[in-house]
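Since the structure comes first, as structure tokens, the remarks are kept for the end.
Just so you know, ligand 1 is whichever comes first in the structure, and atom 1 is the first atom listed for that ligand.
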Amino acid sequence: MKRIRVKTQSPYDVAVGENILPLIGVELKLLGFGGRALIVTDSGVPAEYVDEVESSLKREGIAVFRFVFSQGEQSKNQTTLFDILSAMADHHLTRGDFAVAVGGGVVGDITGFAAACYMRGIRYVQVPTTMLAAIDSSVGGKTAIDLPQGKNLVGAFHQPGLVWCDVKTLKTLSADNVRCGIGEAVKYGLLAGGSLWHSVKGGSYGSELFFEGTDLEQLIADCVEIKADVVCKDEHEGGLRKILNLGHTVGHAIEKLGGYTIPHGVCVAKGLVKLFRCLGENPALVREVEHAFDNYGIDHTCPYSADELIEAMRMDKKSGGEYISVVTVSEAGKPRIESFSFKELGEILCRA
Ligand SMILES: NC(=O)c1ccc[n+]([C@@H]2O[C@H](COP(=O)([O-])OP(=O)(O)OC[C@H]3O[C@@H](n4cnc5c(N)ncnc54)[C@H](O)[C@@H]3O)[C@@H](O)[C@H]2O)c1
Ligand SMILES: [Zn+2]
């Protein structure tokens with residue numbers, strides 16, 4: 001098992017290992033968790049994983065309740081949030097009790113937000129079961145729900161007390177979901193450079209890299225380490241944390257224009273390639289990135305015009321006024337944040 005310490009104001013561990021679900025109860029007991037727990041999950045997460053977590057907690061004398069909502073981003077809304085909060089109240093959770101998110105980013109985001117709100121904040125634990133949740137969303141304490149007007153518009157920073165990632169759970173994921181995680185893994189590889197970039201670009205979908213325990217563990221641990229490092233230097237996204245948006249400024253615009261039908265990680269891939277190609281800083285690196293996505297079977301072409309992308313970006317919540325920042329990497333391991341006016345960026349995006 002690998003452990004990464006996230007040194008935020010209240011620090012916590014991210015544990016990555018194979019067949020570790022049955023051990024979560026003992027770990028939580030050591031960390032002082034007890035009393036009552038509400039496990040939150042969705043209908044697409046195989047029940048056996050939830051059963052394993054539940055049994056493990058019960059063995060430690062914790063009273064466990066379960067809340068299951070319909071899978072999918074469309075459930076990350078106020079109705080589900082209030083249903084979770086009601087379940088917490090119905091099961092008499094108090095400030096000493098906690099929630100456990102077993103699932104992907106949707107489950108993690110909404111459970112974390114419910115935990116941030118309930119009684120002005122109770123503790124929670126992340127048990128990520130998708131690639132995206134394992135390498136990205138379960139770490140860093142960003143929690144949220146969507147509004148009809150946009151994604152993640154209501155949320156809070158609330159760090160988990162533990163992240164417990166069993167790579168065994170990733171073996172039941174659909175190909176699309178694995179690809180979604182790979183989009184983010186390529187992002188981390190580019191941010192870090194070195195051996196992570198080497199192993200990410202050297203992999204291909206279905207290869208041992210992603211399905212044999214040890215390598216998968218290493219890949220996740222390496223990505224988490226980068227996120228942990230950035231997050232603890234900038235817990236509330238004042239500046240540095242923005243580098244985690246690599247591929248996301250254009251990616252979010254593509255996601256929006258596609259009516260949220262293109263998986264998030266695939267939009268990140270498209271956004272990354274589009275921006276890199278247009279900026280034209282390092283054509284050899286662009287080819288490497290494209291080649292990596294090709295190997296994973298990820299379509300990195302961008303189906304939208306520069307005008308359409310700019311219009312969608314203007315509505316992005318992160319853009320203030322006439323300027324927008326994008327993250328670029330002229331060499332793997334050397335990211336930087338650049339600010340452009342929408343007009344300038346529009347001209348750049350016309351180039352390729
Ligand atoms: N908080 C953050 O920092 C952060 C970062 C990135 C993304 N996100 C959020 O994450 C969400 C996307 O997360 P996601 O890609 O994990 O999607 P998701 O949570 O919707 O999961 C995808 C699907 O996989 C199913 N599933 C989960 N685990 C499974 C397993 N082990 N085997 C088989 N099926 C399984 C789920 O039921 C779901 O239908 C978005 O809402 C996004 O906004 C948050
Ligand atoms: Zn992302």
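- The option from D166, N177, L132, T129 that lies nearest to atom 7 (C) of ligand 1, judged by heavy atoms, is L132.
- Side-chain contact check for T143 and Y124: no donor-acceptor pair (N or O, by modelled atom type) lies under 3.5 Å.
- No other N/O/S atom of H264 lies as close to the Zn ion (ligand 2) as NE2 does.
- A donor-acceptor contact closer than 3.5 angstrom is absent between the side chains of H264 and E73.
- For the 3.5 Å distance criterion, the side chains of S305 and D307 fail to qualify, holding no donor opposite an acceptor.
- Within the 4.0 Å heavy-atom criterion, neither part of L170 lies near ligand 1.
- At a 4.0 Å heavy-atom cut-off, ligand 1 touches D42 through the side chain alone.
- Proximity of Q71 to ligand 1, defined as any heavy-atom pair under 4.0 Å, is confined to the side chain (atoms from C-beta onward).
- Among L173, V102, T172, D146, the residue whose heavy atom lies closest to atom 29 (C) of ligand 1 is L173.
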For a quick test of your reading: what N or O donor-acceptor pairs under 3.5 Å do the side chains of residues 285-293 make, sequence neighbours left out?
residue	atom	partner	partner atom	Å
E288	OE1	W197	NE1	3.2
E288	OE2	K201	NZ	3.3
E290	OE2	R277	NH1	3.2

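- Remark: R336 engages E338 in a salt bridge, criterion side-chain N to carboxylate O under 4.0 Å.
- Compare K76, Q74, K227, E184 by their heavy atoms: the one nearest to atom 43 (O) of ligand 1 is in K76.
- At a heavy-atom cutoff of 4.0 Å, ligand 1 is contacted by no atom of T143, backbone or side chain.
- In this model, a donor atom of one side chain and an acceptor atom of the other lie less than 3.5 Å apart for T80 and N77.
- Remark: distances from the non-hydrogen atoms of K151 to ligand 1 include one below 4.0 Å.
- Although no hydrogens or angles enter the test, the distance criterion places a donor-acceptor pair under 3.5 Å between the side chain of D234 and the main chain of L240.
- Between the side chain of S138 and the backbone N or O of A133 there is at least one donor-acceptor pair closer than 3.5 Å.
- Contacts of H264 with ligand 1, taken as heavy-atom pairs under 4.0 Å, are absent altogether.
- The Zn ion (ligand 2) sits nearest to atom OE2 when only the N, O or S atoms of E184 are considered.
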